[in-house]
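Report on one structure; see the data block that follows.
These figures come from a predicted structure and were not determined experimentally.
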Amino acid sequence: MIPVDAMLENWRSRPRHEQMILGGLASAVVVVFVFLALFQPAMFYYRDAGRNLAAASYEAGLVHDTVVHALRLLATAAPEPVADAPALTALLNNSAGKAGIVLSRLEARDETTVTVWLDGVEPQRLFDWLSNLKKRHGVAVSVADITAEPGKPTIQAQLQIKV
C-alpha cells in the first residue's frame with residue numbers, strides 16, 4: 001500500500017503542465033463514469049417509460065371504445081316480457097344459437113334467474129347478444145364474471161340473467 005504522503009510528494013514534484021493534464025484526465029474519467037453509470041441508464045428508463053405509456057394509452061382507448069359500444073347497445077327499447085326460468089332458458093338457448101354463441105352450461109337458480117356459462121366467445125358478439133336480450137325481452141344480467149382467455153381474442157363468461 002502506498003502511503004498518502006508519498007502520493008502527495010509525487011504529485012508536488014510533477015511540473016505544473018503535467019498536473020493540469022492529469023487533472024483534466026481525471027475530470028474526463030469522472031464525467032464518463034457519471035454519464036455511463038447515471039445518465040445513460042436514466043435515458044433508457046425514460047425511453048421505456050414513454051413506450052409503456054403509449055401502450056397503456058392504446059389499451060385504455062380500446063377499453064373505452066368497447067365500453068362505449070357496450071353501453072350504446074344496452075340502451076333499452078320496449079321489451080317482450082319473459083315469464084319464468086324455463087321460458088328464460090328456452091329464450092337463452094334460441095337467441096344464443098341465432099347469435100352464433102355456444103352456451104357451455106345453463107342452470108336455473110330460482111323462478112326468475114338462470115346462470116349461463118360461455119367459453120371462447122368474442123366480446124363484441126357477447127355484448128350484441130346481451131343488448132338484444134335487454135332490448136327485445138327485458139332480460140338483464142344481474143351478475144357477470146368475464147375473463148379474457150390468455151393469448152386469444154375471446155373471453156369466458158359466467159352470467160346470472162334475471163327475467
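Put simply, the side chain of R125 does not reach to within 4.5 Å of the side chain of D128, judged on heavy atoms. Residues I101 and L118 form a side-chain contact, since some pair of their non-hydrogen atoms from C-beta on lies under 4.5 Å apart. Side-chain contact between V116 and L106 is present, with heavy atoms from C-beta onward closer than 4.5 Å. Inter-residue side-chain proximity for L22 and R14 is flagged as met; some heavy-atom pair is nearer than 4.5 Å. At a threshold of 4.5 Å between non-hydrogen side-chain atoms, the residues W129 and L92 count as touching. Using a 4.5 Å heavy-atom threshold, the side chains of F127 and T66 count as touching. Between L159 and L130 the shortest side-chain heavy-atom distance falls below 4.5 Å.
Checked for salt-bridge contact, E107 and R105 meet the test: a charged N lies under 4.0 Å from a carboxylate O.
Atom CG in L133 sits 5.5 Å away from atom CG in L91 (nearest 0.5 Å). The OH atom of Y46 lies 13.0 Å from the CZ atom of R51; values are rounded to the nearest 0.5 Å. Within the model, atoms CG of D5 and CG of N10 stand 12.5 Å from one another, a figure rounded to the nearest 0.5 Å. Note that the NE2 atom of H137 and the OG atom of S95 stand 6.0 Å from one another [nearest 0.5 Å]. Considering NE2 of H69 and CD of Q124, their distance stands at 3.5 Å, rounded to 0.5 Å. Once rounded to the nearest 0.5 Å, the distance linking CE of M43 with CG of D48 reads 11.0 Å.
Side-chain atoms of T113 never come within 3.5 Å of backbone atoms of D110 as a donor-acceptor pair (strictly under, hydrogens ignored). Between the side chain of S142 and the backbone N or O of Q160 there is at least one donor-acceptor pair closer than 3.5 Å. Formation of a donor-acceptor pair under 3.5 Å by the Q158 side chain with backbone atoms of A144 is not found in this model.
At a threshold of 4.5 Å between side-chain heavy atoms, the hydrophobic network of Ile, Leu, Val, Met, Phe, Trp and Tyr places F39 and L36 in one connected group. With hydrophobic clusters built from ILVMFWY side chains whose heavy atoms lie under 4.5 angstrom apart, I146 shares a cluster with I161. In the hydrophobic clustering of this structure, F35 groups with V32; members are Ile, Leu, Val, Met, Phe, Trp, Tyr whose side-chain heavy atoms approach within less than 4.5 Å, directly or through other members.
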Could you go step by step and tell me if L103 and N93 meet the side chain to side chain contact (heavy atoms under 4.5 Å, CB included) rule? CA-CA 7 Å; L103 304 179; N93 275 321; 3.6 Å; yes

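There is no side-chain donor-acceptor pair under 3.5 Å between E122 and T154.
Residue-environment remark: CZ (R16) stays at or below the threshold of 12 foreign heavy atoms within 6.0 Å.
Contact detail for P123 and P153: the closest heavy-atom pair is CD-O, 3.5 Å.
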